[in-house]
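In what follows, a single structure is set out as structure tokens and then discussed.
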Amino acid sequence: MSRKIPLGLAIAIMFIAIAVTVAITMSVSMRTYNNLIKDLPERARMYSNVSEIDDIVRANFYGTVNESLLNSDIYDGYAQGLGDKYSYYLNPSDYEAYKNELNGEKVGIGIIAFYDETETAIYAAEVSENSPAAQSGIKKGDKIVAIDEEKVTAYNYKELMQKLTGGRLSSITVAFERDGAVQAAGVVKGYSAQSVYYSKNGTVGYIKITDFYSTTASQLKKAVKALSDDGAGSLIFDLRGTSNGTVKYACEALDVLVPIASDGNGALAIAKDRDGNIVDTFTADADSISMRMMVLVNNETSGPAELFACDLRDFGKAQLVGTSTAGNGTMQSAFKLSDGGAIVLTVAEITPYVSEGYNGTGLTPDYEVKLEAQQRAKLPILSQADDAQYQKAYNILIGEDNG
């Protein structure tokens, strides 16, 4: 049996509800207003100081002010002032290069170059199959001694390494040494850079992922299929020194290997902002790879590479070999500026599939294997026979090492 509420009581309840709503709204508004007022004096002081410095410089500086450089350094200084090494400013040309890299559109001759300061030489650490470099006879491990007839030195190697990238359909002359003999080749630039390189040792496939870009997942899928078709029964992923890319593209690469995320947080990764709100969720489909896997990591394995390694272990797909990782469990986003540049900011912390977050702590390997200082210095060109971390993973996979 229903009861009717007296009209007077109903009106009283309505006014109470309105009063509570107004009170809550006023409380939130006042808190926002107070925060704004609190920040305004500090902002005004900062702008005033910058203006004062600018006035003094323009009135007294002996040299000429480079407006473009000055503005760029001011923006860069602001980003550095955040105290977050993963947040930074990009000028317009750097931002364009940044976007091209993420889209897998960075071009060059098709090699990953490594400068060995002990030998004052540039090495081809990786050479993409069918790339201009490969077609010109350059192989992995070749020592590049000169580019455009300019000998590599400790003073010009950065400039010369830049010549190996960019400049679509332009060409360079590369002199390289192999087995004590030097030969030169004209190489046309314009090859889209790879981020996945692979080879096979017996029944064990080896996959080096250098970056997590938009094209990485498709390249990884191709590499896994090629190795499987060639008789590989297990895989070693090398993520040592890998840090570039995004969480999104790392999850796309993971999706090639793991099934639907049904345990843990129900996703490959969840990104939460500073208030704990979920800003992004990364999922996987049902396809997966059943091969046994090992992952090589070190203190330069960072960001998206750490997530890739962590999730493979969380899914029970792989174990980690090497040393503890960098501990960058955050997500960055690029915000375009009106001048064509951008500021890349850390916007969220990442929660992996099952494990607790690794931000600030890194991942501890299942098998800790350290390399000697000389080996670490030459890691990109270290042979597998001399690579104790690779050998540990390899021997476990072929059953000659029980851990």
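Keep in mind that this is a model prediction, so the values were computed, not measured. Values reported hereafter were calculated over all heavy atoms of this structure, with side chains retained and with hydrogens, waters and symmetry mates removed.
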| request: In plain terms, say whether Arg313 and Asp366 are close enough for a salt bridge, that is, a side-chain N and a carboxylate O under 4.0 Å apart. | output: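 Looking at Arg313 and Asp366, the cut-off is met.
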So, for [X] and [Y], is the gap between ring centers shorter than 6.0 Å?
X      : Y      : value
Tyr213 : Tyr249 : no
Tyr75  : Tyr89  : yes
Phe237 : Phe308 : yes

| field | Smallest separation among heavy atoms of Pro365 and Gly322, with atom names | value |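 So the two residues come closest at CG-O, 3.4 Å.
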| said: Looking at every heavy atom in both Ile350 and Tyr358, which two are closest together, and how far apart are they? | reply: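 Nearest heavy atoms, Ile350 then Tyr358: CG2-OH, 4.3 Å.
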| query | Counting distance only, does the side-chain N/O of Asp142 pair as donor-acceptor with the main-chain N or O of Tyr123 below 3.5 Å? | reply |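 It does not hold such a pair.
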| query | Quick one: does Glu101's side chain have a donor or acceptor within less than 3.5 Å of a partner on Tyr98's backbone? | reply |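 Side chain of Glu101 to backbone of Tyr98, a donor-acceptor pair under 3.5 Å: no, none is there.
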| Of all residues at least two apart in sequence or in a different chain, which pass the salt bridge (charged side-chain N to carboxylate O under 4.0 Å, His left out) check with Arg274? |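 Checked Arg274 against salt bridge (charged side-chain N to carboxylate O under 4.0 Å, His left out); zero matches.
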| said: Tell me whether Gln162 at atom CD has more than 12 heavy atoms from other residues, nucleotides or ligands lying less than 6.0 Å away. | reply: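 Open.
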| On the ring face of Tyr198, is Lys200 found with NZ or CZ under 6.0 Å from the centre and within 45° of the axis? |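 Lys200 over Tyr198 ring: no.
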| request: Please identify each residue that fulfils side chain to side chain contact (heavy atoms under 4.5 Å, CB included) with Asn395, with sequence neighbours left out. | output: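 Counting only residues at least two positions away or on another chain, Asn395 forms a side chain to side chain contact (heavy atoms under 4.5 Å, CB included) with Gln391, Ile398, Glu400, Asp401.
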| said: Per the salt bridge (Lys or Arg N to Asp or Glu O under 4.0 Å) rule, what does the pair list look like for residues 240-249, sequence neighbours excluded? | reply: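 Output for this query lists Asp238-Arg240, Arg240-Asp387.
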